[in-house]
Amino acid sequence: MRDGDSGRSHLLPLLAIGAIATACGIALGLLIDWFPTAASEESGPIDTLWDVLLIVSVPIFVLTQTFVLYSVWRFRMRPGEELEDGPPIHGNTRLEVIWTAIPAIILVALCSYAYVVLRDIETAEASEMKVRVVGEQFTWTFYYPGDGGKEVASNQLYLPTNTQVRFDVQSKDVLHDFWVPAFRLKIDAVPGITTRFRVKPDKAGVFPVVCAELCGLGHSVMRQSAHVVAPGVFDKWLADLRAKGRPGGEQPGGEEATGEEAGGAAPDGKALFTSVQPSCGSCHTLSDASSTGSIGPNLDETLKGKDAAYIQAGIEDPGAEVTKGFQDGIMPNNYGDTLQPEEIKALTDYLVEVATK
Ligand code: CUA
């Protein structure tokens, strides 16, 4: 230092500035609403962990930045000093021990805390429910235990409140990542292995399910919904699903028999076009449904002159005939499994009516 005395005289104002910046930083950090609605028991400890990390990080950030900015200002080159060299400093053992030991202690403490939180939220409960989650380009399918050891598939994720659920996550093709931000937990879906996490939803509502691993052209539309409902509603939904061996529509407790025969309303093709998950409109342009997706072929153009058989085949087995200029494997090929036959018919009829003429 050129003049130790004036350097030391800067220490107090520096500390004051640092303390004020720290207080502002922490206050701001805690005020910001970082996360979406919390809908699981695990959210509490995870959000608290986040707050603690924030409170610990801000002073360190402020400390390092204050020193950097102070040094830049205080030891800047003045006119006439262009050819001068700095003082020959050869380390400072005490300082180095301090700046190694303190971060090490902070890191070990934070890691221990995070480990305890993780262990707590991963504890299995005897009553846990199992849902197998399978990712593929570009959709999720959810498998629930059915009758006689068989599983039933659904493209809707329904969960009862206050029941621990274990997600066994798998992938059919590439890496995906199963994430419900409202639950705060996520895990990679890795081809060839099963990964899992547990969660206990504690708030009824509809929350986004997203893919959090870049998995191809349709990654951004690999979004579905988690419906957290009262246990009674869930039981009814699951019973319906098992009775059909296939998932119901959007509403839990939908009619079991096909619409027309049962005297109820037939599925509405236009509504299905936007409500199916992932929705047709997120990838396809169709003026009648006001959709502008561009990941898949523009249906206003490509369906001109086509018939119902062509359209139905395209929904059930999109890989059989791929529109020129588009890649095979982008459109989920599980609609044939996760939609009811009458839903596929309704969608087909709707498309015949609005897109083929
Ligand atoms: Cu699947 Cu991104």
Side-chain angles (χ1 to χ4, degrees), residues 34-37 39-40 42-43 46 130-144 151-159 165-199 201 206-228 246-247 250 272-285 291-297 314-320 322-323 325-339:
W34 297 97
F35 302 119
T37 315
S40 74
E42 291 74 11
S43 310
I46 292 173
K130 227 180 80 179
V131 178
R132 193 162 68 92
V133 178
V134 178
E136 67 190 280
Q137 291 173 317
F138 294 97
T139 188
W140 299 105
T141 312
F142 307 99
Y143 294 90
Y144 292 81
E151 287 180 316
V152 280
S154 171
N155 62 359
Q156 305 276 334
L157 176 60
Y158 273 83
L159 297 169
V165 49
R166 189 183 95 191
F167 294 113
D168 287 348
V169 182
Q170 300 168 331
S171 169
K172 277 190 188 170
D173 38 41
V174 299
L175 283 175
H176 302 275
D177 191 294
F178 176 63
W179 186 26
V180 182
F183 296 163
R184 301 292 188 271
L185 289 156
K186 73 196 208 1
I187 199 155
D188 270 8
V190 184
I193 64 167
T194 300
T195 51
R196 48 180 58 102
F197 69 83
R198 297 184 168 85
V199 81
V206 181
F207 309 101
V209 175
V210 288
C211 177
E213 184 71 59
L214 185 60
C215 54
L217 205 55
H219 164 69
S220 61
V221 295
M222 195 165 163
R223 290 169 160 262
Q224 278 152 257
S225 298
H227 305 252
V228 179
R246 283 180 163 187
E250 182 75 24
L272 278 169
F273 189 84
T274 46
S275 70
V276 157
Q277 294 199 338
S279 88
C280 313
S282 56
C283 289
H284 295 286
T285 292
S291 70
T292 55
S294 59
I295 287 170
I315 297 171
E316 292 179 334
D317 186 10
V322 181
T323 305
F326 291 89
Q327 220 178 310
D328 183 19
I330 304 295
M331 176 162 163
N333 59 10
N334 72 338
Y335 286 121
D337 296 327
T338 59
L339 291 177

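Computed over heavy atoms, backbone and side chain alike; hydrogens, waters and symmetry mates excluded. Numbering of ligands and ligand atoms starts at 1, following listing order. We're numbering straight along the sequence, starting at 1.
Considering only residues two or more places apart in sequence or on other chains, Phe167 meets the ring pair (Phe, Tyr, Trp, His ring centres under 6.0 Å) condition with Phe178, Phe197. For the side chain to side chain donor-acceptor pair (under 3.5 Å) test, residues two or more places apart in sequence or in another chain that qualify with Asp173 are His176. Contacts of Gln170 classified as side chain to side chain donor-acceptor pair (under 3.5 Å), with partners at least two apart in sequence or in another chain: Arg132, Thr194.
The local environment of CZ in Arg223 is sparse, with at most 12 non-hydrogen atoms from other residues, nucleotides or ligands closer than 6.0 Å.
A donor-acceptor pair shorter than 3.5 Å can be found between the side chains of Thr139 and Gln224.
Here the CZ atom belonging to Phe142 is positioned 8.5 Å from the CG atom belonging to Leu159, to the nearest 0.5 angstrom.
Annotation: protein N, O or S atoms under 2.8 Å of atom 1 (Cu) of ligand 1 (waters excluded) comprise His176 ND1, Cys211 SG, Cys215 SG, Met222 SD.
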